[in-house]
Amino acid sequence: DGTEPYLMRARLRLVGLALALSLALAEAAAPSLLSLGLVLSAASAASAQADDADAAAPLDTDEAAEEVAAAGDFEEADAAEEAAEAAEEEASAPAPAPEPAPAPEPEPAPAPASYESKPEDPPAPVSTSYRDEQPEKKSGIFGTLGKGITSLAHAVVPTPKKDSVREEKKESRREEEEPVAPPADEVPEGSPEENRKVWFEYAVATDDYTLANELWVTPEEKATCDGLKTPAPAGEVDVEDARCAWLDYHIAEGEFGKAEEMCVGPEDFAKVSAAQDAARTEWRDYEMSCGNYKTAMSYSVTDEEIAECEQAMFKKECETGSYKKALKQAKTPEQVAEVEKYQEAGRVAWMEYHAACGDTSAALKYAVTDEEEEKCKQAGIDKCESNRKEWLAYYTEKGDYRKAEECCVEPAEYEAVAAKKEEDRKAWLKYAIETADYKSAEQYAVDEAEAAEVAASKAAYPEVCRSQWRVYYLETKQYKKAKDCSVTPEEVAECEAAEAGSEEQSRTEWKAYYVETTQYERAIGMCITPEEEGEVDASFEAVRQAHVAELKKEGKYHEAKKYALSDEEVKACDEEEDANQEVCRVEWYKYHLECGKYKEAKALAVTPEEDAECDKAESEQLETNRTAWLGYYQEIGDYTSAKALCCSKEEDEECSKIFDQYRSEWLRYAMDNKDYALAKKYSVTPEELAACEALK
């Protein structure tokens, strides 16, 4: 049975989990670390045995007859499966050739994404204060356990680049002159409990909190151990925090082997076990959803999970038509009945399919009862009859009456084909007469009446052609050719009247064209009555006036005068031009006045009021500028320029007051700083000059 290797692996994995749990309990309650080492050794051996069983377990690679059975060909499927069984028996028989190597174990799928987000960067390596010492080997049981658990707390925090902490060198304790650890060959002989106490005392003497935390058993020893714990120096990371960080990182990355190396307590092992079981369950569910039931079986550990995978594999074999393999996997009468149900449904489906396709011989292979055989035969007959009727309709519609008659079997069908053939003959006869194909028409005529109709149409054909050509020449105004086709006085008179009417129509059309294109002389030349000349004059007068108005709108009065026909029009044009120029002058005058261009504004002024307005605006602007410059010079202290801009006694007094205050401030500043030259510059009164001389 293909499930035995999976069951074996599941049981071994359960044993490994039980031993891991025993390890946690032993560390928490057992007084002896020797028993802890034994439990660790047993767990490692069980894990190795499980890995060996995984590597040696053969895979179920029997894929024979699946495609044939899926196609529903049961005879070929049975033959293929019998050949596969014979090959298996021959391969299992003893032979001098070496046994074939077991099938390789499928590669483990990558670890599923963790529910915790991966840190952007792994924890950086840190070192404690006692890491600068040279490493030394340890002996005894604690040296052995240090590979897996003890030395983990003393080693530098590993980086992700290393495969295992077991490949790193063991770090030594802090080397001090006193006290020193007892040599390996001088360890007191006795029980493991005595060894533990010796090493615990050594850890307390050397202030090694990590080692002491691993060795304490009694509450008193725990209190002593807690007294050794000191905060990590500034800039360093606690080893326990680093270990926990690496434990969480490896769990998040799915590196459960490395995570187990970071475990030191039952809680850590339980955490790794729970994460590993969650990842296993997730990958198993994923493989089940993808239909990879064999791979999902490798992730199954409980009887319920294994049973679910087996049921899914069984159902897949049934649905894909591998009924013989499904029967091998069936373990209950209900499953056998289900296989037979699928097999029966597939047989019926293939029988109905071949019967619907008209393949009676193939359908009869799947018939097992007389009723089914009769049904297949009747289906074949019905299919042939349906095909015959379809071909009959196709040939009749196409007009291939010879082949249509070959498909007929009933008198009504022969009559329908004959009626369709007669209908087509009459249609072709009518078409031949209308197109003057009298040779073909004579072939389609079958009685005297049709022959007479063809002869009459043939005799009347020249007269019909003459009439049609005469009408065509009249429509295209080819009156000479139309007269040549005329044979009666009425037809000749009709041609002459049409020719006369055409000349009048042509004259009218040319007159309208010349008016539209403003060709006055040619339009007048086409007129034959005073009324027509008046219409042409009125049309050209409207065009002239519209053109003059457009020129005036554009300001081209000189061009507009060229189209004037009277002195009144010229005078009106001049007046409009003068009025337009006045508007423009006023607009430019105001524009220059607003921009401060008073010279240009005066050049455009024509009235005394405009001259006065211009002078006033210029005076106001100059006064504004003078006031602004006066304030500016007063602000920057330019006394000479400011005095030059004063125009009244009040401004002169205010300016003197401002600059006197300004001079006093500078004089005070010079006196405070004992600057003789600057003080003398701003001294005016005898008192100020005397005070300035005192600075020497």
Side-chain angles (χ1 to χ4, degrees), residues 9-51 54 108 111-119 122-123 145-155 157-158 164-166 210-217 219 222 225-226 238-285 298-305:
R9 290 198 295 272
R11 294 191 184 98
L12 290 175
R13 292 184 185 278
L14 288 174
V15 171
L17 292 174
L19 289 175
L21 181 60
S22 300
L23 168 64
L25 296 174
E27 185 176 5
S32 175
L33 289 177
L34 180 59
S35 60
L36 180 60
L38 294 176
V39 172
L40 271 178
S41 302
S44 300
S47 178
Q49 186 178 1
D51 293 338
D54 287 346
S114 172
Y115 294 104
E116 299 180 1
S117 59
K118 174 183 174 182
L145 292 177
K147 259 191 173 181
I149 299 175
T150 306
S151 63
L152 173 64
H154 304 283
V157 178
S164 173
V165 293
R166 292 185 176 88
T210 305
L211 181 59
N213 189 43
E214 296 172 359
L215 298 175
W216 68 267
V217 174
K222 184 177 187 303
C225 178
D226 293 339
D238 187 76
V239 175
E240 178 64 16
D241 295 340
R243 182 192 65 78
C244 294
W246 273 108
L247 175 62
D248 296 338
Y249 173 73
H250 288 312
I251 290 176
E253 289 294 311
E255 301 171 349
F256 302 111
K258 294 182 179 180
E260 289 178 353
E261 295 174 357
M262 296 290 144
C263 297
V264 296
E267 296 82 2
D268 295 338
F269 282 105
K271 184 177 181 180
V272 173
S273 178
Q276 191 170 10
D277 189 66
R280 178 193 64 78
T281 304
E282 184 176 354
W283 274 104
R284 178 184 175 279
D285 295 342
S298 65
Y299 289 107
S300 302
V301 295
T302 64
D303 293 340
E304 292 78 5
E305 292 176 344

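Sequence positions, counted from 1, serve as the residue numbers for this chain. Given the structure is predicted, the values throughout are model-derived calculations rather than measurements.
- Residues Phe256 and Ile251 come closest through the heavy atom pair CE2-O, 4.2 Å.
- Within the 4.5 Å cutoff, the side chain of Glu253 has no heavy atoms near those of the Lys258 side chain.
- The closest donor-acceptor contact from the side chain of Arg284 to the backbone of Ser300 lies at 3.5 Å or more, if one exists at all.
- Summarising the geometry, atom CD belonging to Glu261 is positioned 10.0 Å from atom CD belonging to Glu255; distances are rounded to the nearest 0.5 Å.
- Between the Glu305 side chain and the Val301 main chain, a donor and an acceptor come within less than 3.5 Å of each other.
- In this structure the side chain of Glu240 never reaches within 4.5 angstrom of the side chain of Thr210, judged on heavy atoms.
- Residue Cys225 comes nearest to Ala212 through the heavy atom pair SG-C, 3.6 Å, listed as atom of the first residue, atom of the second, then distance.
- Proximity of a side-chain donor or acceptor of Ser273 to a complementary backbone N or O of Phe269 within less than 3.5 Å is not detected.
- Checked against side chain to side chain contact (heavy atoms under 4.5 Å, CB included), Asp268 has the following partners two or more places apart in sequence or in another chain: Arg243, Leu247, Cys263, Val264.
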